[in-house]
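Here is the structure we will look at.
Predicted model only: the values in this text are computed from it and were never measured. For reference, positions follow the sequence shown, starting with 1.
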Amino acid sequence: AAALFGTILSKQGTQTVRVWTFQVGNSGSGAAVGAGIASVRLTQTAGAACMPVISVPAVFPLALGNIPAGAWAQGAVTINFTGCGNAAEFTVLVQLSANGGNSTGSVLRNDEER
């Protein structure tokens with residue numbers, strides 16, 4: 001069976017429009033067929049209140065394709081942080097899915113800045 005996990009590989013762009021690239025791995029013994037990022041949720045934990053908006057993809061899931069056992073795939077999400085100050089921090093929860101929802105995983109990161 002597939003076992004999905006991941007991390008934030010990079011953050012690029014301007015102060016207000018950032019592209020976060022997630023790296024998703026499969027540590028299971030089987031392929032993660034039709035793998036994707038099912039959702040990305042940012043919950044603000046510090047700084048003046050603001051509302052980041054995910055503009056790309058317009059809807060989830062973000063398809064990553066098939067990930068063989070022991071392999072990685074990447075997916076990029078564009079987030080608009082207009083109105084968020086330098087002190088803004090977020091808990092980021094990324095839900096992962098493959099094999100028609102039978103294989104799932106997540107990425108949970110605390111204290112992430114834009």
Side-chain angles (χ1 to χ4, degrees):
L4 300 172
F5 67 99
T7 190
I8 300 171
L9 183 63
S10 68
K11 298 176 185 175
Q12 299 176 327
T14 66
Q15 286 291 322
T16 54
V17 179
R18 306 285 287 163
V19 176
W20 288 18
T21 300
F22 296 96
Q23 186 163 354
V24 178
N26 176 6
S27 63
S29 58
V33 177
I37 296 174
S39 65
V40 175
R41 187 173 69 220
L42 293 103
T43 304
Q44 190 169 1
T45 56
C50 64
M51 295 289 295
V53 175
I54 296 173
S55 58
V56 177
V59 295
F60 284 93
L62 173 60
L64 302 176
N66 299 334
I67 308 174
W72 295 85
Q74 295 176 5
V77 175
T78 302
I79 307 169
N80 187 326
F81 285 98
T82 298
C84 293
N86 290 335
E89 293 184 356
F90 303 88
T91 294
V92 181
L93 176 61
V94 180
Q95 297 289 348
L96 309 169
S97 181
N99 299 325
N102 291 319
S103 299
T104 60
S106 62
V107 178
L108 178 63
R109 298 285 301 266
N110 294 310
D111 305 322
E112 283 296 323
E113 298 174 346
R114 61 178 172 216

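Pairing each heavy atom of F60 with each of A38, the nearest pair is CB-O, 3.0 Å. Taking every heavy atom of both residues into account, L62 and P57 meet most closely at CB-CG, 4.1 Å. Summarising the geometry of A35 relative to I67, their closest heavy-atom pair is CB-CD1, 3.7 Å, with the distance given to 0.1 Å. In this structure, A88 and C84 approach most closely via the heavy-atom pair CB-CB, 4.2 Å. Taking all atoms of both residues into account, the shortest heavy-atom contact from N66 to V33 is OD1-CA, 3.3 Å. Taking every heavy atom of both residues into account, V40 and I54 meet most closely at O-CD1, 3.5 Å.
Remark: R114 engages Q15, N86 in a side-chain hydrogen bond (donor to acceptor under 3.5 Å, both in side chains) (not counting sequence neighbours). Under the side-chain hydrogen bond (donor to acceptor under 3.5 Å, both in side chains) criterion, T45 pairs with no residue at all, not counting sequence neighbours.
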Notebook entry, point to check: Could you walk me through whether K11 and E113 pass the salt bridge (Lys or Arg N to Asp or Glu O under 4.0 Å) check?
Noted result: CA-CA 10 Å; K11 298 176 185 175; E113 298 174 346; over 6 Å; no
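Note on residues 19-34: no pairs pass side chain to side chain donor-acceptor pair (under 3.5 Å), not counting sequence neighbours.
Side-chain polar atoms of R109 and T7 form a donor-acceptor pair below 3.5 angstrom. With no hydrogens or angles considered, no side-chain donor-acceptor pair links N80 and S55 at under 3.5 Å.
Here the CG-OG distance, from L4 to S106, works out to 10.0 Å after rounding to the nearest 0.5 Å. We find the CD-CG distance between Q74 and L9 to be 5.0 Å, quoted to the nearest 0.5 Å. Atom CD of E89 sits about 5.0 Å away from atom CG of D111, to the nearest 0.5 Å.
Judged by distance alone, the side chain of N99 and the main-chain N or O of G101 form no donor-acceptor pair under 3.5 Å. For Q44 (side chain) and C50 (main-chain N/O), a donor-acceptor pair under 3.5 Å exists by modelled atom type.
Linking Ile, Leu, Val, Met, Phe, Trp and Tyr whenever their side-chain heavy atoms come within less than 4.5 Å leaves L93 and F22 in two separate clusters.
The side-chain heavy atoms of R41 and V92, taken from C-beta on, include no pair separated by under 4.5 Å. Between V77 and V19, the closest side-chain pair of non-hydrogen atoms is not below 4.5 Å.
The aromatic rings of W72 and F5 sit perpendicular, their planes meeting at an angle over 60°, well past the 30° parallel limit.
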